[in-house]
Amino acid sequence: MKALEGVKILDFTHVQSGPTCTQLLAWFGADVIKVERPGVGDATRKQLVDIEGADSLYFTMLNHNKRSITLNTKNETGKEVLERLVKTCDVMVENFAPGALDRMGFSWERVQELNPKMIMASVKGFGPGPYEDCKVYENVAQCAGGAASTTGFLDGPPLVTGAQIGDSGTGLHLALGIVTALFQREQTGRGQKVLAPMQDGVLNLCRVKLRDQQRLKSGPLKEYSQYGEGIEFGDAAPRAGNDSGGGQPGRILKCKGWETDPNAYTYFITQAAVWKNVCDVIGKPEWKDDSEYATPAARLPRLNEIFGAIETWTMTKTKYEVMDICNPLDIPVGPILSMKEISEEPSLRETGTIVEVDHPERGTYLSVGCPVKLSDSDVEVTRSPLLGEHTEEILKSVLGYSEEDVTSIKESGAI
Ligand code: COA
């Protein structure tokens with residue numbers, strides 16, 4: 001048995017944020033029914049196409065373990081089918097532009113009328129307020145949620161990150177909201193509306209930066225490199241390069257081969273508890289008891305010198321050798337792994353975090369499996385559905401339509 005077995009999801013999501021949410025729910029055992037426009041489907045099916053005629057990796061990697069039904073929800077018969085889906089499902093997940101669902105005739109009020117137990121979960125770019133009507137994509141959310149202003153180097157422009165914190169991050173937030181609402185429904189018998197705005201999700205992930213914003217009132221942020229460099233702080237939390245976010249200073253340092261390999265780097269943290277080990281490893285035993293270096297406070301203005309010395313050592317080792325030497329000494333380090341290295345890492349395959357999936361149009365491709373492991377609810381990743389692959393099956397077995405009904409639905413142009 002799977003954790004969410006028996007839960008039916010009406011998946012009205014597209015692009016990335018919503019689909020990541022419903023994919024997680026599918027991996028936990030929910031029956032996810034993806035509703036797509038006939039002949040078109042989720043726009044990502046045909047975006048960034050690498051194999052002509054096949055669903056793109058963008059689509060396949062975000063829509064595993066789902067079933068696809070095509071339905072024109074602006075057609076009268078299509079609306080009737082959608083009504084039946086609303087009455088049958090436990091959760092409706094959508095990430096249309098603000099107002100699209102109302103225009104379609106499926107406002108929250110209408111959905112409640114049709115099914116008072118329905119949990120209606122939405123991703124929007126912004127919550128209620130001046131920007132609530134805006135369409136939003138990943139990078140807009142990263143910028144409006146505070147991430148971009150605090151990412152990058154002090155002397156450069158704001159930067160967005162490769163981690164899709166706006167889309168996939170908000171999908172995760174929404175998934176948590178949905179299972180929480182399902183849990184509450186056990187007690188109340190009622191559905192509810194769940195909203196995860198992308199700006200809020202990004203800000204939640206930037207919590208420590210709002211912490212630093214407030215700490216500025218009490219003086220400079222001493223763990224930031226700019227403090228040791230004598231650069232004054234402004235009135236907003238600055239970009240901190242690769243400085244460690246916490247009170248344990250860290251940097252990205254070059255390793256052997258950095259001249260030709262763009263990923264020959266390691267992250268290195270000078271955790272206070274293991275400072276003496278750091279001194280021994282880098283050949284600076286004299287720093288152990290020198291009052292200029294021995295305490296975290298004494299080290300803060302000297303971080304450039306200290307990380308310079310550590311880097312002189314790391315440049316003599318590969319990033320893996322740094323890991324092998326430092327780990328037994330409890331010095332926290334991490335190699336900068338490329339996507340190529342990650343895709344070839346056997347341990348990630350063993351845990352199911354990287355999976356090989358077979359697809360009738362594409363052949364075999366790699367995907368990221370379920371990143372959350374439940375000991376009592378196994379995940380088996382199955383390929384994404386072709387457009388409308390399960391239309392008839394869903395109409396008959398989930399919604400109870402007869403063969404004749406299906407024929408007349410077809411004739412109406414709804415599917
Ligand atoms: N049958 C008929 N019509 C359908 C349909 C179906 N099965 N599925 C969708 N549509 C219609 C919608 O009703 C809408 O029509 P309308 O504008 O005439 O009312 C239309 O398709 C397009 O929807 P929309 O959401 O506006 O798509 P878009 O491509 O213009 O915008 C986003 C894409 C992502 C910018 C927008 O959906 C959005 O801001 N979503 C919320 C935030 C979000 O999730 N962003 C991240 C995406 S990764």
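As the structure lists them, so they are numbered: ligands from 1, and atoms in each ligand from 1.
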Give yes or no for whether the N/O distance cutoff of 3.5 Å, strictly under, is met between [X] and ligand 1.
X: Phe12; value: no
X: Asp167; value: no
X: Gly125; value: no
X: Arg103; value: yes
X: Lys74; value: yes
X: Ala97; value: yes

Worksheet item: Is the Phe96-Phe12 ring centre distance short of 6.0 angstrom?
Response: yes

Any idea which protein heavy atom is nearest [atom], and the distance to it?
atom: atom 20 (C) of ligand 1; result: Arg37 NH2, 4.1 Å
atom: atom 7 (N) of ligand 1; result: Leu71 O, 2.8 Å
atom: atom 45 (N) of ligand 1; result: Val136 O, 2.7 Å
atom: atom 40 (N) of ligand 1; result: Asn95 O, 2.9 Å
atom: atom 9 (C) of ligand 1; result: Phe96 CE2, 3.3 Å
atom: atom 27 (O) of ligand 1; result: His14 CE1, 3.6 Å

Candidate with minimal heavy-atom separation from [atom], of [options]:
atom: atom 12 (C) of ligand 1; options: Lys135, Glu94, Gln164, Met104; result: Met104
atom: atom 1 (N) of ligand 1; options: Leu82, Thr73, Thr70; result: Thr73
atom: atom 32 (C) of ligand 1; options: Phe106, Tyr137, Phe126; result: Tyr137

Any salt bridge linking [X] with [Y]? Criterion: basic side-chain nitrogen under 4.0 Å from a carboxylate oxygen.
X: Glu80; Y: Arg84; value: no
X: Lys396; Y: Glu403; value: yes
X: Arg67; Y: Asp31; value: yes
X: Glu341; Y: Lys319; value: yes
X: Asp212; Y: Arg215; value: yes
X: Lys87; Y: Glu113; value: no

State whether a side-chain donor-acceptor pair under 3.5 Å links [X] with [Y].
X: Thr60; Y: Asp55; value: no
X: Thr22; Y: Asp11; value: yes
X: Lys373; Y: Thr353; value: yes
X: Gln16; Y: Glu138; value: no

Considering the heavy atoms of [X], write down every atom of ligand 1 situated less than 4.0 Å from one of them.
X: Val15; result: 47 (C), 48 (S)
X: Gln16; result: 48 (S)
X: Asn72; result: 1 (N), 2 (C)
X: Val123; result: 41 (C), 44 (O)

Practice prompt. Check each of Lys34, Glu36, Arg383 against Asn63 using the side-chain hydrogen bond (donor to acceptor under 3.5 Å, both in side chains) test, and report the only one that passes.
Written response: Lys34

Worksheet item: Ser384 versus Gln23: any side-chain heavy-atom pair under 4.5 Å?
Response: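 Answer no - side chains too far apart.
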
Worksheet item: Does ligand 1 have an atom that lies less than 4.0 angstrom from a heavy atom of Gly18?
Response: no

Practice prompt. Please work out whether any backbone atom (N, CA, C, O) or any side-chain heavy atom from C-beta onward of Glu138 is under 4.0 Å from ligand 1, and answer side chain, backbone, both or neither.
Written response: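 Neither; no heavy atom under 4.0 Å.
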
